[in-house]
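Atom set for the values below is all heavy atoms of this structure, side chains included, hydrogens, waters and symmetry mates excluded. Quick caveat: nothing in here was measured; it's all calculated off a predicted structure.
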Amino acid sequence: MPVCIDDTWYQRPAGIPDRTSAGGVVVRWDGSQALVALAREAHWPQFILPKGGVERGETLEQAARREILEEAGLAQLHLIGPLGQRERLDFSKRRWITAHYFLFITTQLEGAPTDRHHHYGLWWYPLMALPEMLWPEQAELLRTHAEEIAQAARRFAARATG
């Protein structure tokens, strides 16, 4: 059941409420390349970066870590830094989302998503050979920061083994 996300998702209608969300690009080095953690809900063919709404009292980083745990099951995260933000309508087209993304490095290979309302799974893909993504702005974020992401993963792996 592929969904076509076109330009209308990136045009803000008048009077629509805001929602702040946070998420992450989680990467690990497999010895030769950077692998990116992608989530996918059981009945969807496209992949996403884990992200979601910021809860009351959370910082953006705390929300990103929680969402990564809920949607990808990854908890062993080393923060590298912010990767920027992207804006679009939410899936129901009822709220305007400003999503803040952070770059995290991990050595964790497997994850057990903790979201009780959705059935997510974790997949690792080479940064330079990504599958079809549901949200174009997430694929664009990965392309835009590909070199920075790969270098961070390589440096972290070198420090861990050196």
Side-chain angles (χ1 to χ4, degrees), residues 2-7 9-10 20-54 58-88 90-91 97-115 118-162:
V3 174
C4 179
I5 306 297
D6 60 19
D7 289 343
W9 295 80
Y10 300 93
T20 301
S21 70
V25 173
V26 181
V27 64
R28 67 181 175 87
W29 188 257
D30 78 348
S32 63
Q33 64 184 337
L35 300 176
V36 177
L38 299 177
R40 189 178 83 194
E41 200 165 350
H43 62 279
W44 290 95
Q46 300 113 326
F47 292 86
I48 61 168
L49 291 172
K51 71 131 198 72
V54 177
E58 280 185 319
T59 66
L60 292 172
E61 181 188 336
Q62 288 168 335
R65 287 177 180 275
R66 179 183 46 76
E67 289 293 337
I68 291 166
L69 182 60
E70 288 178 0
E71 295 181 4
L74 298 171
Q76 299 166 16
L77 303 172
H78 176 79
L79 176 65
I80 300 301
L83 277 182
Q85 64 187 45
R86 300 294 185 271
E87 296 182 4
R88 66 168 166 79
D90 71 353
F91 197 74
I97 293 178
T98 300
H100 300 264
Y101 290 96
F102 294 87
L103 175 58
F104 295 95
I105 305 293
T106 191
T107 56
Q108 191 175 344
L109 301 178
E110 296 180 15
T114 61
D115 189 309
H118 301 275
H119 301 288
Y120 287 104
L122 166 67
W123 284 263
W124 291 100
Y125 277 93
L127 178 60
M128 299 307 177
L130 296 171
E132 182 181 1
M133 303 279 294
L134 176 62
W135 298 108
E137 85 279 359
Q138 292 182 348
E140 179 272 329
L141 178 80
L142 292 168
R143 278 192 309 273
T144 300
H145 295 281
E147 188 56 36
E148 173 186 352
I149 293 167
Q151 285 179 5
R154 197 172 322 132
R155 282 193 306 268
F156 186 82
R159 280 195 312 264
T161 59

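Using a 4.5 Å heavy-atom threshold, the side chains of L77 and R65 count as touching. Using a 4.5 Å cut-off on side-chain heavy atoms (C-beta onward), T106 and H78 make no contact. Looking only at side-chain heavy atoms (C-beta outward), E148 and L83 come within less than 4.5 Å of each other. The side-chain heavy atoms of R40 and Y120, taken from C-beta on, include no pair separated by under 4.5 Å. Within the 4.5 Å cutoff, no side-chain heavy atoms of P136 are placed close to those of W9. Between D115 and H118 there is a side-chain heavy-atom pair separated by less than 4.5 Å. T20 is listed as a side-chain neighbour of L60, based on a closest heavy-atom distance under 4.5 Å. Side chains of Q62 and V54 form no contact here, defined as non-hydrogen atoms less than 4.5 Å apart.
Across every non-hydrogen atom of V27 and A34, the tightest pair is CG2-CB, 3.7 Å. Closest heavy-atom contact between Q46 and L134: CB-N, 3.5 Å. Closest of all the heavy-atom pairs between A64 and G23 is CB-O, 3.5 Å. Residue G24 comes nearest to Y101 through the heavy atom pair N-CD2, 4.1 Å, listed as atom of the first residue, atom of the second, then distance. Closest of all the heavy-atom pairs between A37 and L122 is CB-CD1, 3.6 Å. Contact between A72 and P113 at its shortest, heavy atoms only, is C-CG, 3.9 Å.
Here the CG atom belonging to L35 is positioned 9.0 Å from the CG atom belonging to L127, to the nearest 0.5 angstrom. Distance CZ/R155 to CD1/I105: 8.5 Å, rounded to 0.5 Å. To the nearest 0.5 angstrom, L69 atom CG is 9.5 Å from R66 atom CZ. Between F104 atom CZ and E61 atom CD the span is 5.0 Å, to the nearest 0.5 Å. The CH2 atom of W124 lies 9.0 Å from the CG atom of L38; values are rounded to the nearest 0.5 Å. Here the CD1 atom belonging to I48 is positioned 8.0 Å from the CE atom belonging to M133, to the nearest 0.5 angstrom.
More than 12 heavy atoms of other residues, nucleotides or ligands sit less than 6.0 Å from atom CG of D6.
Between R88 and E137 there is a salt bridge, with a side-chain nitrogen of the basic residue lying less than 4.0 Å from a carboxylate oxygen of the acidic one. One finds no salt bridge joining K51 and E71 here, because no Lys/Arg side-chain nitrogen approaches an Asp/Glu carboxylate oxygen to under 4.0 Å.
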*Run the numbers on W135 and I5 for side chain to side chain contact (heavy atoms under 4.5 Å, CB included), then give the verdict.*
CA-CA 7 Å; W135 298 108; I5 306 297; 3.7 Å; yes
_Worked verdict on V25 versus F102 for side chain to side chain contact (heavy atoms under 4.5 Å, CB included)_ = CA-CA 6 Å; V25 173; F102 294 87; over 6 Å; no
*Show your reasoning for whether side chain to side chain contact (heavy atoms under 4.5 Å, CB included) applies to V36 and L142.*
CA-CA 9 Å; V36 177; L142 292 168; 4.3 Å; yes
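Using modelled atom types, one side-chain atom of Q108 and one backbone atom of Q76 make a donor-acceptor pair closer than 3.5 Å. For Q138 (side chain) and L49 (main-chain N/O), a donor-acceptor pair under 3.5 Å exists by modelled atom type.
For W29 and F156, the ring centers sit 6.0 Å or farther from each other. For F91 and W44, the distance between ring centers is under 6.0 angstrom.
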